[in-house]
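In this text, all values refer to a predicted model and were calculated from it rather than measured experimentally. So you know, we letter chains A, B, ... as the sequences are listed, proteins then strands, and number each from 1.
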There are 2 protein chains.
Amino acid sequence: MTATYTISELASTYGVSTRTIRYYEEIGLIKPERNASGHRYFTKKEKTQLQLIFRGKKYGFHLEEIKEMIRLFDEDPTGREQLKRTIEYGEGKISEVTKRIEELQAMKDEMNHLMNEFQKELNQLEEE
Amino acid sequence: MTATYTISELASTYGVSTRTIRYYEEIGLIKPERNASGHRYFTKKEKTQLQLIFRGKKYGFHLEEIKEMIRLFDEDPTGREQLKRTIEYGEGKISEVTKRIEELQAMKDEMNHLMNEFQKELNQLEEE
DNA sequence: GTTGAACTTAACGTTAACGTAAATGCTACA
DNA sequence: TGTAGCATTTACGTTAACGTTAAGTTCAAC
C-alpha cells in the first residue's frame, strides 16, 4: 500500500500551485523522493509536513520558523542531550503559541465588546 | 491635557521605525494631523489604531485586512442599516478570529503531545 | 543666529513567498 | 506509437511591507 502522490495531486488537494510545493523543497522544508527519471513522488510523510506548513502559515509563522518546527517534529532525537535540547526548544515554541492564543483572545473580547455596544445602539433604534 | 506625540516618540514606544509609521499613513491606515509647518502629530486616537495594527500583524492579518478592522472600530455607524451591516461584518471578523484561536489551540495540543512523548523517552533514559 | 537633531518628501532598494514563461523531458492511453 | 498532458529546471517578474539614501526644512537649545 503506502500510497504515493504526484506534485499536482497534492497541489490540488491543498489548493496551492505546484510552484509553491517546489518552492518548499527549494528552501528545504520538504525533501520528496524522486523516481528514476527525476519526477518527485510524495508519501504520507510529506503530506503531514505540508499540513504543518499550511497550518503554521495561517498562524502567521514565517517559513523559516516553520522549518524549525518541521525539524522538531521530524528528527526523533535519541540521546539524552539531544532529547533535552529538543524538549527545551519545544517548550519555547509552545509558550509562543500560548501567547498568541491569549492575545488573539484579548482581541476577540475587544471586538465582542464593541459589537455589544453596536447591538445596544441598534436595539435603542428598533424599540422606539 | 490631550497629549500629543511626535512620530519618533511613537516609533520608539512601539519599537518600529518612523518609516513604518509613515508607511501606514501612506496606505491609509492612520491619518495623523499636521501642525502649521507640516509635521505630523499623533493623539490618543492614532495610538489606539497603531496598537490595533501591531496586534493584528502579530496574528497574521494583512495590512489590508487590518484597514477594514480599523474602519470598523473607527466609524461609529449611526443609522439602522449601517449599524446592521457593521454588526454583521464584525461578527464575521469575530468568527475568523475564533477559528484561528481554535486552530492554534489544536496546534498547541499536538506540540504538547509530542513533547510528552519526548519527556517519556527522556525519563526512560534517566531512570536506568 | 547658528548648529545639530528631528522633521519632511521622493524615490529607489530589499526580502519573502511565490507567479509566470520558456525550453525540454516523461507517461498514459486510444 | 503518437500525442496530450503531465513532469522537470532555469530564470526573470511580482507584491507586500517596509529599509535606505538623498536633499531639503524646521525646531530646540545655546
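Note on R19(B): every side-chain N or O is 4.0 Å or more away from OP1 and OP2 of dC12(C). Look at K57(B) and you'll find a side-chain N or O under 4.0 angstrom from OP1 or OP2 of dC18(D). Using a 4.0 Å cut-off, some side-chain N or O of T20(B) falls inside it from OP1 or OP2 of dG19(D). Taking 4.0 angstrom as the limit, S8(A) places none of its side-chain polar atoms (N or O) nearer than this to OP1 or OP2 of dC6(D). Contact annotation: R40(A) does not reach the phosphate of dA7(D) (side-chain N/O to OP1 or OP2, under 4.0 Å). The side chain of S37(A) contributes an N or O atom lying less than 4.0 Å from OP1 or OP2 of dT27(C). The shortest distance between the side-chain N/O atoms of S17(A) and the OP1/OP2 oxygens of dC18(C) is not below 4.0 Å.
Counting to the nearest Å, the C1' atom of dT26(D) and the CZ atom of R34(B) are 14 Å from each other. If you take CG of N35(B) and P of dC7(C), they are 11 Å apart, rounded to a whole angstrom. Atom pair Y41(B):OH and dC27(D):C1' shows a separation of 17 Å (rounding to whole Å applied). Between Y23(B) atom OH and dA11(C) atom C1' there is a gap of 15 Å when expressed in whole angstrom units. Residue I66(B) contributes atom CD1, which lies 14 Å from atom P of dA16(D) at whole-angstrom precision. Remark: C1' of dT27(C) and CD of E9(A) are 13 Å apart, rounded to the nearest angstrom. For the pair H39(B) NE2 and dC27(D) P, the computed distance is 6 Å after rounding to whole Å. Rounded to whole Å, atom C1' of dT8(C) lies 12 Å from atom CZ of F42(B).
When the shell of 6.0 Å around CZ of R71(B) is examined, it contains 12 or fewer heavy atoms from other residues, nucleotides or ligands.
Panel note: side chain E91(A), backbone E88(A); no donor-acceptor pair is recorded below 3.5 Å. Checking side-chain atoms of S95(B) against main-chain N and O of T98(B) turns up no donor-acceptor pair under 3.5 Å.
Grouping the Ile, Leu, Val, Met, Phe, Trp and Tyr side chains by contacts below 4.5 angstrom, directly or via other members, places I70(B) with L114(A).
Partner of R40(A) under the side chain to side chain contact (heavy atoms under 4.5 Å, CB included) criterion, chosen from E33(A), E25(A), K31(A): E25(A).
If you check every strand for non-hydrogen atoms under 4.0 Å, T18(B) touches nothing. At the heavy-atom level, R22(A) lies under 4.0 Å from base atoms of the strands shown. Residue-level contact check: I7(B) touches the backbone only, with heavy atoms under 4.0 Å from sugar-phosphate atoms and none from bases. Residue Y24(B) is classed as a sugar-phosphate contact, given heavy-atom separations below 4.0 Å to backbone atoms only.
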